[in-house]
Amino acid sequence: MDNFYWLHEIQPSDREIVGEQGFYLRDLLRKGHPVLPGFVVTAQFFWEFLQTIDWLEPLFVDLPESSLYFDVNQPRQLQAIAQHLCQQLLDTPVPKPWSDQIQANIEQLNSPALIFYPSLTISGTESTSSLFGSVISWGDAQSGLFGLKQAYCELFRAKSLLYWQRCGVRLQDLQPVVLVQALQSVKASGCVKIQPQAWEIHSTWGLEFSLLWGENHADHYRILPQTKKVQQQHLGSKTILYDLKSSPHQPTEYPIPQKQFGTSISELPIYATLIPEEQRGFSLTSEQLQQLIQLIQKVVLDLPSTQGFYWRLLQSSLEKDPEFYVSGLGFPEIPLFSPVLNPDIPQRQQHFQGLAVASGQCKGIAYVLNTLESIPSVLPENTVLVVAAINWDYLPLLKQSVAIIAEQGGMTSHGAIVARELGIPAVCGIVNATVKIKTGESVFVDGNRGEIYCMEPEHLVNERLLEQNVKSSPLETYFMPNATPLMVNISQCNSIERLQTFPIDGVGLLRSELIAIEALSFSENQDLDLGISQKSDSNIYNFSYWIEPEKQPKFIQKMAEALNQIARILSPRPIYYRALDLREINSSNGRFPLSDFPTSERLTLFDLELKVLLNLYESGYQNLYLILPFIRSVEEFLMYRKRIEASGLMRYSGFKVWIMAEVPSILFLLPDYVKAGVQGISIGTNDLTQLLFGIDRNQIQISPQNPIQYEQHPALRKAIKQLIKKARKAKIPCSICGDAPALYPELIEDLVRWGITSISVSLDAVELTYRAIARAEKRILLDQSR
């Protein structure tokens with residue numbers, strides 16, 4: 001058996017000899033992928049080399065008489081043993097036949113520097129990818145031989161010896177292999193994490209050491225595998241650039257961490273420098289990003305099992321454009337927007353990955369609320385609420401929380417919508433979160449990346465990272481209005497304080513359910529009068545309570561006061577009030593079966609809402625209009641139309657009645673609705689998506705089992721386009737108020753081209769949507785002028 005295998009020479013039968021890294025790189029190389037050249041040094045060479053060492057102590061005898069027997073409570077003894085073993089490895093010369101072979105391989109690589117990746121080929125052990133560090137050296141034969149021995153030292157570092165003892169791994173069972181590759185100067189480098197729901201690209205200027213050593217926060221791109229489009233991109237905080245020295249005497253301008261045994265920093269072939277201010281932007285151009293996405297696509301097709309790979313962007317000559325190369329497989333734990341803990345404190349940290357449904361980052365104390373527990377009226381300060389699902393019963397608690405973690409939920413679930421409006425981070429899809437997270441734990445919630453970190457309360461989070469919360473800079477108070485009105489969706493009275501600084505043309509969707517719960521709530525000692533039970537199995541807000549004749553005046557008064565406040569601040573801008581949608585109020589799954597609320601009671605409650613609106617019109621606030629939710633037939637609309645006519649609101653010429661376009665039957669019946677008196681429609685993409693595809697909007701999220709992006713599905717886009725065109729033909733306005741435009745801004749240009757009359761989004765999406773509308777309108781005008 002040979003001791004050295006070039007990547008292109010590895011055969012399928014050599015997998016156990018060369019290890020996983022070399023075997024799969026060979027696979028990619030044979031399928032035409034750009035892989036950095038290199039060769040593998042086998043475990044056989046390692047053991048043959050060890051036999052030439054004159055050990056002063058018995059190496060493989062774990063007895064008290066041996067210096068290798070160490071007490072884990074005596075770190076100095078462990079360090080002394082590790083240094084002793086490593087020094088003997090480095091001092092022993094490699095026998096000439098082998099050194100000649102290694103020298104020939106190194107000369108064939110013809111690289112200014114080399115990088116060595118040690119790993120194990122033994123099966124049945126846990127991953128050791130984070131245990132061994134890579135080793136770098138100059139590309140001459142003497143330096144390369146020394147670098148190989150340094151790579152072997154990684155097996156005998158103090159942390160490695162401790163790991164072998166803890167895991168019960170005998171040293172004589174180790175089968176180490178070393179991948180040796182060329183190391184050259186690069187424009188940029190990084191890694192790719194491949195998951196069914198997204199490809200995550202991490203990138204920095206120069207060589208990747210700044211990321212691996214935690215000195216830079218990478219540029220981050222999130223790519224949707226289905227469309228190959230960039231869903232999100234965040235500019236990293238990059239300050240240090242690593243590159244190859246032009247000569248051994250070139251000094252380093254920035255301190256380099258001492259990472260490998262036996263080599264001084266001045267002898268390393270790399271140097272570090274601070275990145276100039278003019279180079280602090282994204283490390284990949286748009287064209288380069290697309291090239292990398294194409295490379296990822298090919299790697300996924302040819303190697304479906306891979307979870308990620310490392311890449312470098314090399315420029316071989318000034319005459320050629322830079323080219324991407326795969327340098328290795330795997331994906332490191334790179335802290336991008338994760339909390340940085342105090343290094344002086346022993347770490348106890350759990351990490352969970354879920355679905356980011358509301359952006360932002362914060363640190364707080366977990367409060368776990370199980371479904372069988374009573375719902376408190378007051379939460380402690382700085383609470384991160386941890387629940388199975390965000391349902392209507394918990395909504396009063398959301399205002400008291402700094403963040404939310406839920407086991408279930410999706411981007412368009414009502415809890416996620418409220419969290420975004422409140423401006424607090426939320427992460428859903430954390431399996432068994434109410435069990436894994438304990439009340440009182442310190443929790444860091446990253447609503448930008450869908451990550452949760454649990455740690456001991458005394459652990460500190462770097463405040464600088466908290467300031468990196470991805471938020472747009474505020475728009476100027478004076479702005480150039482777009483031709484397409486931009487509206488907002490709100491459900492909280494206190495949201496109006498934020499509206500005054502936003503470039504909005506009105507409220508496109510006022511969710512009455514949350515307004516009602518907020519306005520009608522009394523103090524805690526009156527909860528029983530309201531019919532709010534503190535038992536979770538029956539904790540449904542009892543709107544039937546307000547139907548009783550003696551309670552109706554209070555309902556009208558409280559609701560009128562809440563709406564009066566909103567109408568006064570926004571006047572004369574329009575406010576589209578959506579009547580109570582009682583399907584939504586249910587503690588278990590977010591739906592209230594209509595059969596559970598008698599039609600007569602629903603109509604009585606609707607009559608009370610009409611009296612509230614009439615109260616505002618009579619007070620002079622005539623900028624409120626009515627939207628009827630979940631209308632399933634023309635006959636149903638006519639039933640409500642008669643009650644509106646009877647209320648007296650129709651005598652105000654400016655009063656308008658719209659319907660939500662969220663039931664697919666409206667696609668076919670819109671002309672009939674217009675004949676029956678519908679004066680406008682508002683497309684609710686959340687419910688329309690749910691009913692079009694037969695999914696639950698409160699549960700759906702992207703996963704390996706369900707990789708479909710429903711809000712981007714061609715069927716939904718066709719439905720939206722058809723609704724807009726039919727509304728234009730019927731000469732009625734057509735707005736859109738679901739989350740699809742905010743989640744997928746690329747939809748906005750199509751909406752403007754199709755003729756949407758207004759776009760209404762959540763508060764957190766106002767600024768991005770404003771700019772997207774402006775860009776779309778300019779592009780359309782430019783196209784027409786050409």
Side-chain angles (χ1 to χ4, degrees), residues 28 32-36 183-194 198-212 215-244 270 272-301 308-328 331-332 334 336-337 448-449 468 470 472-473 744-746 748-749 768 771-772 774-776 778-779 782:
L28 290 177
H33 292 274
V35 175
L36 288 176
L183 183 64
Q184 300 168 316
S185 178
V186 300
K187 302 287 289 184
S189 62
C191 51
V192 176
K193 186 175 184 179
I194 298 173
W199 301 336
E200 293 186 7
I201 297 173
H202 306 269
S203 174
T204 190
W205 296 106
L207 293 165
E208 66 269 23
F209 301 118
S210 60
L211 300 185
L212 300 178
E215 296 175 302
N216 280 357
H217 294 293
D219 298 334
H220 173 242
Y221 308 85
R222 182 181 174 89
I223 313 299
L224 298 177
Q226 294 81 12
T227 62
K228 313 301 180 297
K229 291 184 177 180
V230 180
Q231 182 189 33
Q232 297 176 354
Q233 65 180 34
H234 299 302
L235 179 64
S237 176
K238 307 181 297 299
T239 56
I240 301 172
L241 182 147
Y242 283 90
D243 207 346
L244 288 187
I270 60 171
T273 183
L274 293 178
I275 299 175
E277 285 293 333
E278 61 270 16
Q279 204 175 343
R280 294 286 175 90
F282 284 101
S283 47
L284 294 177
T285 65
S286 298
E287 182 180 358
Q288 291 168 350
L289 180 60
Q290 292 304 315
Q291 293 173 0
L292 183 54
I293 292 173
Q294 292 176 10
L295 176 60
I296 299 172
Q297 183 181 5
K298 294 176 182 177
V299 171
V300 171
L301 289 175
F309 62 90
Y310 300 86
W311 57 268
R312 296 194 191 120
L313 183 60
L314 277 68
Q315 187 164 18
S316 56
S317 66
L318 296 176
E319 294 77 24
K320 296 182 179 180
D321 292 330
E323 296 178 272
F324 285 96
Y325 284 85
V326 176
S327 58
F331 184 84
I334 296 179
L336 293 171
F337 293 93
N448 303 322
R449 297 176 51 80
Q468 289 181 353
V470 181
S472 304
S473 58
Y744 305 101
E746 60 269 23
I748 291 176
E749 182 171 341
L768 291 177
R771 294 187 174 98
R775 286 195 301 269
K778 290 178 181 177
R779 190 174 292 117
L782 181 61

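Remember, predicted model here, so these are calculated numbers, not experimental data.
Evaluation of the side-chain hydrogen bond (donor to acceptor under 3.5 Å, both in side chains) rule for Y242 yields E215 as partners, not counting sequence neighbours. The side chain to side chain contact (heavy atoms under 4.5 Å, CB included) check on E749 picks up R753, A776, R779, with sequence neighbours excluded. Residues satisfying the side-chain hydrogen bond (donor to acceptor under 3.5 Å, both in side chains) criterion with S327, sequence neighbours excluded, are absent altogether. For W205, there are no ring pair (Phe, Tyr, Trp, His ring centres under 6.0 Å) partners at least two apart in sequence or on another chain. Evaluation of the side chain to side chain contact (heavy atoms under 4.5 Å, CB included) rule for E323 yields Y325 as partners, not counting sequence neighbours. With sequence neighbours excluded, the residues that form a side-chain hydrogen bond (donor to acceptor under 3.5 Å, both in side chains) with T273 are E253. By the side chain to side chain contact (heavy atoms under 4.5 Å, CB included) test, K228 pairs with W199, I293, Q297, sequence neighbours left out. Take F209 and apply the ring pair (Phe, Tyr, Trp, His ring centres under 6.0 Å) test, not counting sequence neighbours, and it matches W213. Under the rule for a side chain to side chain contact (heavy atoms under 4.5 Å, CB included), the partners of P322 that lie at least two apart in sequence or sit in another chain are K187, Q288, L313, Q315. Shown here are the side-chain hydrogen bond (donor to acceptor under 3.5 Å, both in side chains) partners of S210, two or more places apart in sequence or in another chain: N216.
Q291 approaches F324 most closely through the heavy-atom pair OE1-CE1, 3.8 Å.
Interatomic distance, Q233 CD to R222 CZ, rounded to the nearest 0.5 Å: 13.5 Å. The SG atom of C191 lies 10.0 Å from the CD1 atom of I201; values are rounded to the nearest 0.5 Å. Here the CG-CD distance, from L36 to Q184, works out to 7.0 Å after rounding to the nearest 0.5 Å. In this structure, CG on D243 lies 3.5 Å from OG on S185, to the nearest 0.5 angstrom. The distance from atom NE2 of H234 to atom CZ of F282, rounded to the nearest 0.5 Å, is 9.0 Å. The CG atom of L274 sits 10.0 Å away from atom CG of L241, with the distance rounded to the nearest 0.5 Å.
For the pair I270 and L244, the minimum side-chain heavy-atom distance is below 4.5 Å. Between L295 and V192 the shortest side-chain heavy-atom distance does not fall below 4.5 Å. Side-chain contact check for K238 versus L235: some heavy-atom pair is nearer than 4.5 Å.
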Original post:
Going through the distances and angles, do I223 and I296 end up as a side chain to side chain contact (heavy atoms under 4.5 Å, CB included)?
Top reply: CA-CA 10 Å; I223 313 299; I296 299 172; 5.5 Å; no
**OP:** Please test L284 against Y221 for side chain to side chain contact (heavy atoms under 4.5 Å, CB included), starting from the C-alpha separation and ending with a verdict.
**Re:** CA-CA 10 Å; L284 294 177; Y221 308 85; 3.8 Å; yes
**OP:** For the pair Y310 and L211, evaluate side chain to side chain contact (heavy atoms under 4.5 Å, CB included) and give the outcome as yes or no after the intermediate values.
**Re:** CA-CA 12 Å; Y310 300 86; L211 300 185; over 6 Å; no
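T204 places no side-chain N or O within donor-acceptor distance of the main-chain N or O of A218, the cut-off being under 3.5 Å.
Between S203 and D219, the side chains place no donor N or O within less than 3.5 Å of an acceptor N or O (distance only, hydrogens not considered).
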